[in-house]
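When a ligand or atom number is given, it counts from 1 through the structure's own listing order.
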Amino acid sequence: MHPSEADILDHMSVESLFPRLEALLPRVQKPIQYVGGELNSTVKDWDETTVRWALMYPDAYEVGLPNQGVQILYEILNELPETLAERTYAVWPDLEALMRSEGVPQFTVDAHRPVRAFDVLGLSFSTELGYTNMLTALDLAGIPLRAADRGDEDPIVLAGGHAAFNPEPIAEFLDAAVLGDGEQIAIAITEVIREWKTEGSPGGRDGLLMRLAESGGVYVPRFYDVDYHPDGRIQRVAPNRPGVPWRIHKHTVMDLDEWPYPKKPLVPLAETVHERFSVEIFRGCTRGCRFCQAGMITRPVRERSITTIGDMVEAGVKASGFNEVGLLSLSSADHSEIGEVAKGLADRYEGTNTSLSLPSTRVDAFNIDLANEFSRGGRRSGLTFAPEGGSERMRKVINKMVTEEDLIRTVTTAYTQGWRQVKLYFMCGLPTEEDADVLGIADLARKVIKAGREATGSRDVRCTVSIGGFVPKPHTPFQWAGQADHETVDRRLRALREALRGDREYGRAIGIRYHDGKPSIVEGLLSRGDRRIGEVIRAVWEDGGRFDGWSEHFSYQRWMDAAEKTGVDVDWYTTRERGENEVLPWDHLDAGLDREWLWQDWQDAVNDVEVEDCRWTPCYDCGVCPTMGTEIQIGPTGKKLLPLTVV
Ligand code: SF4
């Protein structure tokens with residue numbers, strides 16, 4: 001009997017590609033990012049394992065390595081017996097060119113094994129702008145771009161992460177997608193693959209995909225057909241074979257204390273965007289900001305206990321040697337025991353070289369107390385707050401319950417306590433926004449500086465306003481909204497800049513940072529796109545599109561040319577407002593949110609009606625908890641952190 005190509009791949013072609021890669025490295029920039037061997041990385045014996053995952057963050061090493069999701073899955077999968085996980089990142093165009101000319105395929109950085117030899121290529125998408133990088137990796141790996149063209153010898157290409165809540169634009173390139181928390185589902189998928197392989201891979205690739213689809217927790221796009229109305233709207237999305245569920249639900253890990261990962265954080269070899277040990281202190285957010293997809297799709301709130309946080313910080317710092325610890329979540333100051341956590345950690349690490357950081361976005365005095373605690377003995381350089389909307393009306397629309405008074409009081413307190421630089425984050429292009437709402441940002445900034453000067457008696461106070469373009473996202477109340485066109489956004493931002501520049505009294509104390517509105521339109525196309533957008537992505541990639549999240553690589557014109565070439569009307573996907581009954585491309589993917597509740601919240605938005613946080617007020621039936629069998633899980637536990645001395 002002749003061995004199949006799959007058998008050969010399984011045993012033969014997993015030799016390290018490093019000798020061939022090494023020959024190319026002197027000719028590329030930052031070669032260190034491709035060599036692997038980081039502290040806490042893992043290399044397992046290929047032949048001792050049955051299920052092998054290649055995990056990819058589809059961006060450069062410097063962005064991809066610190067990604068928590070990948071680090072967590074990498075560790076969990078490698079802890080499983082008979083399972084191996086390695087990492088791969090997007091290679092820069094200089095190395096890509098050399099790999100093509102020298103025939104070196106996409107490799108993992110751990111043991112430099114060819115990605116095509118793995119059972120699964122798991123991609124984590126935090127943003128849609130990584131889609132073209134996925135195509136580069138598939139192509140370099142020798143994996144057919146279209147899922148339908150893949151054979152038994154190719155890995156299952158699986159997407160996760162926030163962008164996977166609408167994977168339709170990349171459906172033709174994916175074998176599967178999973179929604180929600182990855183810890184448990186990654187193990188479940190591993191088990192399905194292990195069983196299937198042990199049984200002799202019955203039914204081949206299709207057999208495995210069917211098993212995954214039948215499990216109910218994995219979306220296999222090819223098992224669903226999409227029908228369209230003559231006007232282009234979707235008529236319905238339906239399974240095309242028996243045994244496949246109509247809707248696919250997200251996964252929710254309920255007890256974060258049971259999953260204290262990463263235990264051994266990876267320490268990068270090359271420079272990366274974050275060089276610290278991050279501990280996720282809770283998951284989910286119910287503040288209800290209507291623009292925030294992360295908040296909506298990660299409900300409900302699940303806190304990690306103060307004692308587990310303390311243990312994780314201690315173990316992670318010891319295992320990695322990092323001297324900065326970040327407390328991570330969507331709104332860290334909302335942890336029910338954040339005061340205790342901050343004080344406990346500040347006491348524990350006082351006098352050592354370990355510093356603490358908290359991404360502070362909530363606008364209140366308590367946040368400043370926390371920031372003071374975290375900067376004990378250190379420099380009070382900058383604080384960030386995110387009012388998001390420039391006017392009171394705008395903040396009601398987006399459900400960001402911050403009054404002008406709150407903001408000025410908070411920032412003034414920061415100035416009087418020694419902080420000199422405050423950053424305020426806003427968005428432009430929000431639903432119902434008018435020119436005056438954006439100009440309101442200038443008024444707010446002026447008032448902040450005026451109050452700061454009065455309170456400190458000094459002119460040495462500054463603030464920077466940083467403005468991002470709003471993109472309506474799936475599974476949020478704004479999923480029906482028409483996105484503002486880039487001309488409008490640019491005009492409003494220019495007017496804001498002029499207003500600040502022309503201000504002789506305060507203008508010099510106020511910095512302004514923003515990008516033009518064009519990238520947001522591409523992000524909008526990819527966020528709310530359907531399967532017809534796949535062709536655009538492919539055309540952009542064929543035209544050389546790479547690293548779209550990087551302004552120096554991004555080309556708006558390339559996207560518009562590709563849309564025109566493939567007959568896609570960008571406005572129809574972006575600036576068009578959707579009706580209540582329109583089938584949205586992601587309606588068959590269940591983030592738990594009740595569609596009627598989302599619609600009502602969209603109506604409340606346009607009527608300036610606010611919704612409270614269900615952590616502290618009665619449940620308002622967004623749908624998540626009953627659908628997902630979950631509940632809000634918050635403290636306080638009343639426990640304290642022990643002031644361990646660090647040796
Ligand atoms: S179902 Fe109720 S308690 Fe659960 S997240 Fe929604 S509003 Fe909050």
Side-chain angles (χ1 to χ4, degrees), residues 161-162 164-166 178-185 216-217 247-259 280-305 328-338 361-362 388 395-402 472-481 580 584 586-637:
H162 289 183
F165 277 78
N166 175 24
V178 288
L179 278 58
D181 300 335
E183 289 91 338
Q184 288 160 317
I185 186 66
R247 297 195 85 200
I248 300 91
H249 309 291
K250 77 163 176 185
H251 301 272
T252 310
V253 166
M254 271 317 291
D255 187 353
L256 289 196
D257 284 355
E258 276 181 16
W259 301 91
E280 192 182 11
I281 62 172
F282 65 88
R283 208 172 274 184
C285 179
T286 42
R287 287 207 158 243
C289 302
R290 294 180 172 125
F291 54 84
C292 180
Q293 187 193 39
M296 291 288 164
I297 62 179
T298 58
R299 290 172 173 224
V301 172
R302 291 143 288 149
E303 284 187 356
R304 187 163 260 151
S305 70
L328 202 78
S329 75
L330 290 172
S331 173
S332 292
D334 284 338
H335 189 286
S336 63
E337 287 173 295
I338 189 65
T361 53
R362 202 173 81 182
E388 321 270 3
R395 291 193 290 276
K396 279 193 175 148
V397 170
I398 61 179
N399 205 42
K400 191 92 195 183
M401 289 180 270
V402 179
K473 294 279 179 175
H475 306 284
T476 69
F478 291 160
Q479 63 180 356
W480 289 280
E580 182 178 5
L584 302 171
W586 52 90
D587 274 348
H588 57 301
L589 303 172
D590 184 13
L593 297 150
D594 184 46
R595 201 179 196 274
E596 279 167 29
W597 178 80
L598 280 174
W599 178 263
Q600 186 52 49
D601 205 40
W602 168 223
Q603 300 314 300
D604 286 350
V606 287
N607 295 314
D608 305 351
V609 177
E610 294 167 298
V611 178
E612 301 267 346
D613 188 322
C614 61
R615 261 172 296 192
W616 308 298
T617 57
C619 165
Y620 48 75
D621 293 327
C622 79
V624 170
C625 293
T627 317
M628 297 291 147
T630 54
E631 59 188 358
I632 295 275
Q633 206 180 64
I634 55 172
T637 61

S.K.: Can you check side-chain contact (heavy atoms from CB on, under 4.5 Å) on Asp590 and Ile248, steps first, answer last?
M.R.: CA-CA 6 Å; Asp590 184 13; Ile248 300 91; over 6 Å; no
S.K.: Considering residues at least two apart in sequence or located in another chain, which fulfil the side chain to side chain contact (heavy atoms under 4.5 Å, CB included) criterion with Glu631?
M.R.: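 Here the qualifying residues are Met254.
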S.K.: Taking Arg290 for its side chain and Pro477 for its backbone only, find out whether a donor-acceptor pair lies under 3.5 Å.
M.R.: no
S.K.: Quick one: does Asn607's side chain have a donor or acceptor within less than 3.5 Å of a partner on Val609's backbone?
M.R.: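 Side chain of Asn607 to backbone of Val609, a donor-acceptor pair under 3.5 Å: no, none is there.
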S.K.: Using a strict cut-off of 4.0 Å, indicate which atoms of ligand 1 neighbour a heavy atom of Ile632.
M.R.: 3 (S)
S.K.: If I take every N, O or S atom of Cys614, is at least one of them less than 2.8 Å from atom 2 (Fe) of ligand 1?
M.R.: no
S.K.: Decide, counting backbone as well as side-chain atoms, whether Cys622 has an N, O or S atom less than 2.8 Å from atom 6 (Fe) of ligand 1.
M.R.: yes
S.K.: Show the atoms of ligand 1 that are less than 4.0 angstrom away from any heavy atom in Tyr620.
M.R.: 7 (S)
S.K.: Identify the closest protein heavy atom to atom 4 (Fe) of ligand 1: which residue and atom is it, and at what distance?
M.R.: Cys625 SG, 2.3 Å
S.K.: Using a 4.0 Å heavy-atom threshold (strictly under), name the region of Thr630 that reaches ligand 1: side chain, backbone, both or neither.
M.R.: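 It is neither part, as no heavy atom is under 4.0 Å.
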S.K.: Which residue supplies the protein heavy atom nearest to atom 2 (Fe) of ligand 1, what is that atom called, and how far is it?
M.R.: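 The closest heavy atom on the protein side is Cys619 SG, 2.4 Å.
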S.K.: Determine, for Arg283 against Glu183, whether the closest basic-nitrogen to carboxylate-oxygen distance falls under 4.0 angstrom.
M.R.: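 Here Arg283 pairs with Glu183 in a salt bridge, since their nearest N and O are under 4.0 Å apart.
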S.K.: Looking at Asp255, Thr252, Asp257, Asp181, which one forms a side-chain hydrogen bond (donor to acceptor under 3.5 Å, both in side chains) with Arg302?
M.R.: Asp181
